[in-house]
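Heads up: the structure comes next, in structure tokens.
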Amino acid sequence: MTAQKIPMLDLKRNYARIRQEITDAVTEVLESQAFILGPEVSAFEDDCSAYLDGARAIGCASGTDALVLALMALDVGPGDEVITTPYSFFATVSCITRLGAVPVFADVDPVTYNIDLQQVLSRLTPKTKAVLPVHLFGQMAPMEEIADELERRGVAIVEDAAQAFGSWRKIRGDIVRAGTFGAVGCYSFFPTKNLGGYGDGGMLATNDDRLADRLRKLRVHGAGTTYFHDEVGLNSRLDSLQAAILRVRLRHLEEWNEERRVIADRYRLLFAERDLLDLVHPPVELDGNYHIYHQYAPRVQDRDALEAFLEAEGIGCRVYYPLSLHRQKCFAFLGYGAGDCPVSEQLSRETLALPIFPELTADEQIRIADAIARFYRNK
Ligand SMILES: *Cc1c(COP(=O)(O)O)cnc(C)c1O
């Protein structure tokens, strides 16, 4: 008999834990026949606002749209520069070019994989309108270190918190949640995220009432009142079924994020017990950070061979991200080439994301660690 496969992510196990709650929530929306925005979306926005310590929360259709809307609300457009990271999902950069603005890449920190703050400062120009850090894999970038300088220069911070809903960082003694530090925070509810819906969805957060009002208009074609358009926005609404599902899942999020942290700790222990820490470098949690391990992506020796080996063993794993954004074909016109962001390029060659989801069992983790140990022993 062959062993059960270990998937990279198994959403079915999660659904089994909340099936009745989801059925009840969905049924209520179906009975109401209110599907777009409406009371369920408002209620979810209120829940998010409470969770995000009072920031205004504005639902939208996806994390990608949240990023575009955030930059639109800050009037980012042609001639403007936005400094961001090359080591992220595509949408982090496409939202900038979509508006005709220019992405300027700062390389990432080799320890946290988050944007290198000194490089951000060195890339500021009079054209810089915003800095767009990503709280990659669920860990916040310590933006407070350069926030005063950015404010002095009139540069806004837009946080890509698509992977970090529920993550936080202690800043001067206070807990600051991912997405509530800068001018606007952007979240994704893509099903695989820690707080995922059962379809597409996104959210914006801001502590600025004026920006919140503008974002509320921009998501409905720029209309303040239906059929009266102050500017041209997007059609980017969160739907009520997703909101109802997300309300259920938000109630469990802290528990699930805690479970992910236990899994991350256990991986480290299992690698240490097998004497693997010279070959597999576990993620590092910065002091003061609450990492929620959206991904668990150690740097590993001989990455491609290990990936193939694990796949052959029936163990899911994935490369995030195989090609840095500054090297994507569609961004060739920006003029970046190999070697321009060496840390990001190195991470693209060396990281391997291993299974991490709240329902992953200790036995499965032992099998994964054993397989990795076997790979290096037999090489
Ligand atoms: C998922 C993700 C997005 C995009 O979110 P969608 O909801 O899929 O549009 C943006 N940035 C990062 C870092 C992401 O991981």
Side-chain angles (χ1 to χ4, degrees), residues 8-9 11 41 44 48 57-72 82-99 103 105-106 108-109 112-115 130-141 143 157-167 178-179 182 184-205 219 234-239 241-243 245-246 249 257 260 283 291-297 318-326 328 330-331 344 347-348 351 353 356-357:
M8 183 62 192
L9 171 67
L11 289 172
V41 172
F44 178 54
C48 285
I58 300 118
C60 64
S62 69
T64 303
D65 277 5
L67 290 163
V68 173
L69 288 163
L71 296 181
M72 284 173 84
V82 178
I83 301 174
T84 192
T85 164
Y87 192 63
S88 179
F89 177 64
F90 179 70
T92 303
V93 174
S94 64
C95 65
I96 302 167
T97 56
R98 159 120 17 242
L99 295 174
F105 292 104
V108 292
D109 176 88
T112 63
Y113 316 166
N114 277 326
I115 197 164
V131 175
L132 207 173
V134 178
H135 303 311
L136 197 77
F137 299 158
Q139 161 154 255
M140 275 178 80
M143 294 308 294
I157 297 172
V158 174
E159 296 171 74
D160 182 341
Q163 303 181 357
F165 197 112
S167 172
V184 188
C186 304
Y187 308 93
S188 163
F189 303 131
F190 189 77
T192 61
K193 310 284 165 150
N194 290 33
L195 178 59
Y198 294 170
D200 275 312
M203 180 72 70
L204 293 135
R219 75 171 166 180
L234 304 184
N235 169 18
S236 183
R237 302 166 302 212
L238 184 61
D239 76 72
L241 282 170
Q242 295 311 326
I245 289 160
L246 288 161
R249 301 195 81 242
N257 283 343
R260 284 172 184 266
H291 195 327
I292 58 166
Y293 296 98
H294 170 60
Q295 297 297 349
Y296 185 91
R318 213 124 169 220
V319 173
Y320 296 109
Y321 297 91
L323 184 63
S324 291
L325 296 173
H326 69 290
Q328 298 286 340
C330 64
F331 297 138
S344 175
L347 293 175
S348 291
T351 66
I356 191 162
F357 53 92

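Counting starts at 1 for both ligands and their atoms, following the listed order.
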With a 3.5 Å distance limit and no angle check, can you tell me whether Asn114 reaches the backbone of Gln139 through a side-chain donor-acceptor pair? yes
Taking only heavy atoms of Ser88 into account, list the atoms of ligand 1 that are under 4.0 Å away from them. 13 (C)
Does any N or O in the side chain of Tyr321 come within less than 3.5 Å of the main-chain N or O of Pro86, such that one atom is a donor and the other an acceptor? no
Can you list the atoms of ligand 1 that are under 4.0 Å from a heavy atom of Ser62? 7 (O), 9 (O)
Please compare Ser188, Ala164, Ser94, Gly138 and report which has the shortest non-hydrogen distance to atom 6 (P) of ligand 1. Ser188
Measure the acute angle between the ring planes of Tyr293 and Tyr296, then classify it against the limits of 30° and 60° as parallel, tilted or perpendicular. tilted
Return a yes/no value for Gly63: is any of its N or O atoms, backbone included, closer than 3.5 angstrom to an N or O of ligand 1? yes
Which residue owns the protein heavy atom closest to atom 14 (C) of ligand 1, what's the atom, and how far is it? Lys193 NZ, 3.0 Å
Any donor-acceptor N/O pair, Ser236 side chain to Ala61 backbone, under 3.5 Å: yes
Under-4.0 Å heavy-atom contact with ligand 1, by part of Thr64 that carries it: both
Take Met203 and Cys48, measure what side-chain contact (heavy atoms from CB on, under 4.5 Å) needs, and give me the verdict at the end. CA-CA 9 Å; Met203 180 72 70; Cys48 285; 3.6 Å; yes
Looking at Thr92, which atoms of ligand 1 are within less than 4.0 Å of one of its heavy atoms? 11 (N), 13 (C)
Under 6.0 Å between the ring centres of Tyr320 and Tyr113? no
Report the relative orientation of the aromatic rings in Phe90 and Phe331; use parallel for angles under 30°, tilted for 30 to 60°, perpendicular for over 60°. parallel
Relative to the ring of Phe137, is the ring of Tyr87 parallel (under 30°), tilted (30 to 60°) or perpendicular (over 60°)? perpendicular
Looking at ligand 1, does Gly202 have a heavy atom less than 4.0 Å from it? no
With only distance considered, is Asp160 within less than 3.5 Å of ligand 1 through an N or O on each side? yes
So if I count the atoms of ligand 1 from 1 in the order they appear, which ones are less than 4.0 Å from some heavy atom of Val134? 13 (C)
Close N or O approach (Gln163, ligand 1; < 3.5 Å): yes
